[in-house]
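Remember, it's 1-based here, ligands and their atoms both numbered in the order they're listed.
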Amino acid sequence: MLSVAKETVETGSEVLHPGAGVRRLFPFFTEGPGGCYLDSAATTQKPALVLDTLRDVLVNHNANVHRGAYRLSAVATELYDEARRKIARYLGAPSERCVIFTRGATEAINLVAYGSELLFQSGDVILVTLLEHHSNIVPWQMLAKRRGLKVVFADITPDGELDMSDFKAKLSSMKPKMVACTQLANSLGTITPIEEVVRLAKGAGAMTLVDGAQGVTHLGVNVEELGCDFYVCSGHKMYGPTGIGVLYGRPECLELLQPFQGGGDMISYVSVEGSGWADVPQRFEAGTPAFPEAIALGAAVDFLSQFSRAEINSHEIELVRSAIDLLKGEQGVTLHGPGVRGGAQTSVCSFTLDCVHPHDFATIADTHNVQIRAGTHCAMPTLRKLGVPATVRMSFGVYSCEADFQAVVSAVRESRKMFS
Ligand code: PMP
């Protein structure tokens, strides 16, 4: 089995523990701007292992995959295939044939929404939730428009938890053909009871898609145990590169999908009369894939595998708890999300200020060397339901620590002084 340039890339077998100590492995902190980076839900910083792998592939193994008869191309192809195997293992997929490389979670959901189009009939229902990122809403709304379907939203509680009684009621009264639900909401950090959601949806005869864009990094997954039909994630939110993501599908579900895009690599033959499709997963990977990014995503998975999953989970839950405790005592701060009252929340802490707009706050925080997100976080229906136009969002990764949000408290005090 090949691995990327053993000579040049340290694959790292040391056991790692989350916290500020791992910043030494991230050039962003050691050579780049560093700072209190509190926007990991938008994109994570990249460890040297990922950056070195990307460079190494482009320098030493750069040849188009699945095409060349020469050795360089064969090696690039083997590295690409090995990345697919690594990711399959990381997700708990039964085979690498269940793993399709996409540009990201958004493209993966679009692939399913287009590919499953012919499985729906006019009047069919797609059930999503009010916790979804726009990328798990808009592709379904577009599909609904094309096919005369209805997109229905399961409600959330005022704390920002999925309202399971509403979900169950809609499941049994509307008999949705598809249930699409996030594992972890990027706007509030809500952990959904995804095992129960999938079990109930399957029991009601629906197909299931789980948005794991946040969940895969901050909670982890075993897709086979979860039993969902589809699971999606993005490389850049799991310490890997941008431009690469994953669609996992159960083999029998992938076989039901129409190809999303046509072109090279996804065909078995092309003639003037028509074309035939390649087997899965190639059927869904038209054109030259982002193979350096896919191989570097394999390195990101190697990096993540150096941590204990339980340690990542408790580190990020603990950070959320401490952030809530600290900000609770600050005048003018309103916290949003289930963790405020002891509910399940991780990796994200959202809040608003009485007299400062989130965007103004983020600008002031920047002067304290705090990179923090303000806005609707691509979750307008969630915020609308909570009655807030925008929030400030801190989000954490393996390198985050409590000192990061001490700086947030200073910025809260300064901004309130300026605006009140
Ligand atoms: N779902 C969730 C929960 C997300 O947080 C994001 C990214 N913010 C996405 C989907 C979309 O991911 P991407 O933009 O990488 O396709």
In this structure, which one of Arg84, Lys86, Arg85 forms a salt bridge (Lys or Arg N to Asp or Glu O under 4.0 Å) with Glu82?
Arg85

Taking N or O atoms only and a 3.5 Å limit, does His133 qualify as a polar contact for ligand 1?
yes

Atoms of ligand 1 close to Gln214 [distance to a heavy atom under 4.0 angstrom, numbered from 1]
3 (C), 4 (C), 5 (O)

Are any non-hydrogen side-chain atoms of Glu117 and Gln258 less than 4.5 angstrom apart?
no

Ligand 1 contact on Glu132 by region, counting heavy-atom pairs under 4.0 Å:
neither

Ring center gap for Phe303 and Phe26 short of 6.0 angstrom
yes

Checking heavy-atom distances from atom 10 (C) of ligand 1 to each of Ser135, Gly235, Ala185, Gly245, the winner is Ser135

Judged by modelled atom types alone, do Thr352 and His336 share a side-chain donor-acceptor pair under 3.5 Å?
yes

Report, as yes or no, whether the 6.0 Å neighbourhood of atom NZ on Lys150 holds more than 12 heavy atoms from other residues, nucleotides or ligands.
no

Just heavy atoms, cut-off under 4.0 Å: does Ala105 contact ligand 1 by side chain, backbone, both, or neither?
both

Can the positive tip of Arg146 be found less than 6.0 Å from the middle of the six-membered ring of Tyr114, inside 45° of the ring normal?
yes

Nearest protein heavy-atom contact for atom 3 (C) of ligand 1: which residue, which atom, what distance?
Asp211 OD2, 3.5 Å

So, Lys385 and Asp166, do they make that salt bridge, N to O below 4.0 Å?
no

What part of Thr106, side chain, backbone, both or neither, has a heavy atom within less than 4.0 angstrom of ligand 1?
both

Atoms of ligand 1, numbered as shown, that sit under 4.0 Å from any heavy atom of Ser234
12 (O), 13 (P), 15 (O), 16 (O)

For Ala213, counting its heavy atoms only, list the atoms of ligand 1 lying under 4.0 Å from any of them.
1 (N), 2 (C), 4 (C), 6 (C), 9 (C), 10 (C)

Under 4.0 Å between heavy atoms, the region of Lys237 that gets near ligand 1 turns out to be side chain

